[in-house]
> 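For reference, the structure I am asking about is given below.
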Amino acid sequence: MGTTLTIRVPSDFDLARDVCSYGYFLLAPNRWDPESLTFHRVLRLRDGRSAVTIGQAGGKRGVALKARFDRAISRTEQGEARTQIARMLQLDDDVRAFHKIDPRWKKSGRARLFRSPTMFEDVIKTVTSCNVAWPSTIRMNARLCEVVDAAFPSPRQLARRTPSVLRARCGVGYRDQRLVDLGKLFTSKGGVDVGWFEDPATPDDDVFEALLGWPGIGPYAAGNIMQLLGRYSRLAVDTESVRHAKVTLGWEGEDAELRTRLEAHYQRFGDQRFRSYWFELWEDYEARQGPAWTWVRETTGQAFTASRMREPAGPVRRAVRKTTQTGSVRRGR
DNA sequence: GGTAGACCTGGACGC
DNA sequence: GCGTCCAGGTCTACC
């Protein structure tokens, strides 16, 4: 008989909307079921792995979540699970700061960005998203979970792996050595103090500079890890950003010029600029593929690559959510 | 400080 | 079916 936990959430929390808010919800071991509106993954707990299914009764906003585990978990493990789930779902995020600076998203309630249960998983997922098309990122994460650990590889597991094995069996290519080095960085004495990175008192500039010193982490990856740490003061500019500038914002010019212009454009959103940028991008994705909570990893979830999305959005085909919730994002203008 | 090319994989395309 | 080209961000060598 497995354990079921009741997890209280903020009154505006919407499981479907807030899980399906960032592409990592499509990456293994995460799995969203559009039919049952439930989130599934394997968590690593003190006494071993456990598969959890998280649902929100009736899909109703603000209703406490039920987290059902496939085995009985101890009190200590329950605490661990609550911490990991809260991190993934951003349950501690005060969304008011964002809506105050960018009221466009107040009506839809968009604010939380889905992330991983640990900073390490977010870092590895970011590295697997660099210099590669999105379907390959999906494949790499799936294989890492199949080959190394169903709950996602831990720092220790990656530190002990041979690069050539990661390359051959997980398809990570030249990232092999970098993944092993990141594992070593997180397990070595004096390597990574996660608390320092997650401490709001640590200046954003210091975090950014520190990230740039890690293997496989350049300006884009560092900016992305920043937002996954809840630090939204920087953009993570990539080819998708350039496409957004051209297609959605209607800008013209050289890519380098547009990148500079993007940075200036979002400055008005201050320390929330990544979220303002991201939800504009996400809204465009949903206009093309339907609400994110309807996406399936193997089909619609594969579509997000700048080269595949250059053409303007076609007629909007939105699925109708059977619940009473507002899953789609329509700006409250 | 700026730039060019290599890194690896998979999809698109032409034959 | 096969070969070629291209996209994607980081790293390194070179100027």
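Order of the sequence lines fixes the chain letters, A, B, ..., with proteins taken first and strands second; residue numbering starts at 1 for each chain.
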> Under a plain distance cut-off of 3.5 Å, with no hydrogens placed, do A:T137 and A:Y24 share a side-chain donor-acceptor pair?
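Not at all, the side chains of A:Y24 and A:T137 share no donor-acceptor pair under 3.5 Å.
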
> Using only side-chain N and O atoms of A:S136, determine if any of them is under 4.0 Å from OP1 or OP2 of B:dG10.
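It does not, given that no N or O in the side chain of A:S136 lies less than 4.0 Å from OP1 or OP2 of B:dG10.
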
> Could you give the CH2-to-C1' distance, from A:W134 to B:dT9, as a whole number of Å?
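Taking atom C1' of B:dT9 as the reference, CH2 of A:W134 is at 16 Å.
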
> Quick one: salt bridge (charged side-chain N to carboxylate O under 4.0 Å, His left out) partners of A:D33, sequence neighbours excluded?
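Applying salt bridge (charged side-chain N to carboxylate O under 4.0 Å, His left out) to A:D33 gives none.
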
> Output the rounded distance in Å from CG (A:L144) to P (B:dT9).
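Whole-Å distance recorded here is 13 Å.
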
> Enumerate the salt bridge (Lys or Arg N to Asp or Glu O under 4.0 Å) contacts for residues 179-201 of chain A, please, sequence neighbours excluded, ordered by first and then second residue.
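Listed once each, the pairs are A:R87-A:E198.
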
> Need to verify one output field. Residue with the more 5' nearest nucleotide on DNA chain B, A:N131 or A:R143?
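Taking each residue's closest nucleotide, the earlier one in sequence belongs to A:N131.
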
> Go through A:Q227 and A:R273 one step at a time and tell me if the side-chain hydrogen bond (donor to acceptor under 3.5 Å, both in side chains) criterion holds.
CA-CA 10 Å; A:Q227 67 88 2; A:R273 74 189 67 164; over 6 Å; no

> Please tabulate the protein-to-nucleotide N/O contacts below 3.5 Å involving nucleotides 1-5 of chain B, giving atom names and distances.
none

> What residues, two or more places apart in sequence or in another chain, satisfy salt bridge (charged side-chain N to carboxylate O under 4.0 Å, His left out) together with A:R112?
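Partners of A:R112 under the salt bridge (charged side-chain N to carboxylate O under 4.0 Å, His left out) test: A:D12, A:D18.
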
> Tell me which residues in residues 161-179 of chain A lie within less than 4.0 Å of DNA chain B, going by non-hydrogen atoms.
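Listed by number, they are A:R167, A:G171, A:G173, A:Y174.
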
> Who pairs with A:F208 by ring-ring contact (aromatic ring centres under 6.0 Å, His included), at least two apart in sequence or on another chain?
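Result, ring-ring contact (aromatic ring centres under 6.0 Å, His included) vs A:F208: none returned.
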
> According to side chain to side chain donor-acceptor pair (under 3.5 Å), who are the partners of A:R167, at least two apart in sequence or on a separate chain?
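With neighbours one apart ignored, the set is A:D176.
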
> My understanding is that only residues two or more places apart in sequence, or in another chain, count here; which of them pass side-chain contact (heavy atoms from CB on, under 4.5 Å) with A:A72?
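Here the qualifying residues are A:T3.
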
> Over how many whole Å does the gap from A:M140 atom CE to B:dT9 atom P extend?
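Rounding to the nearest Å, CE of A:M140 and P of B:dT9 are 9 Å apart.
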
> For the pair A:E263 and A:T260, evaluate side-chain hydrogen bond (donor to acceptor under 3.5 Å, both in side chains) and give the outcome as yes or no after the intermediate values.
CA-CA 5 Å; A:E263 296 284 359; A:T260 305; over 6 Å; no

> In whole angstroms, how far is the P atom of C:dG9 from the CG atom of A:L235?
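Spelled out: CG on A:L235 to P on C:dG9 is 14 Å.
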
> What class does the angle between the rings of A:Y285 and A:W278 fall in, given that below 30° is parallel, 30 to 60° is tilted and above 60° is perpendicular?
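Ring orientation of A:Y285 relative to A:W278: perpendicular.
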
> Holding to salt bridge (charged side-chain N to carboxylate O under 4.0 Å, His left out), I want the full list of residues that pass it with A:R169, two or more places apart in sequence or in another chain.
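In terms of salt bridge (charged side-chain N to carboxylate O under 4.0 Å, His left out), with neighbours along the sequence ignored, A:R169 is linked to no residue.
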
> Quick check on salt bridge (charged side-chain N to carboxylate O under 4.0 Å, His left out): which of A:R71, A:R44, A:R46 does A:E77 satisfy it with?
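That would be A:R71.
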
> If we fit an axis to the first five pairs and another to the last five of the helix from B:dG1-C:dC15 to B:dC15-C:dG1, what angle do they make, to the nearest 10°?
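Rounded value for the end-axis angle: 40°.
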
> Specify the residues of residues 205-220 of chain A, ordered by number, for which at least one heavy atom lies under 4.0 angstrom from an atom of DNA chain C.
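Only A:W214, A:P215, A:G216, A:I217, A:G218, A:P219, A:Y220 qualify.
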
> Tell me every residue that passes salt bridge (charged side-chain N to carboxylate O under 4.0 Å, His left out) with A:D255, counting only those two or more places apart in sequence or in another chain.
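By the salt bridge (charged side-chain N to carboxylate O under 4.0 Å, His left out) rule, A:D255 matches A:K246.
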
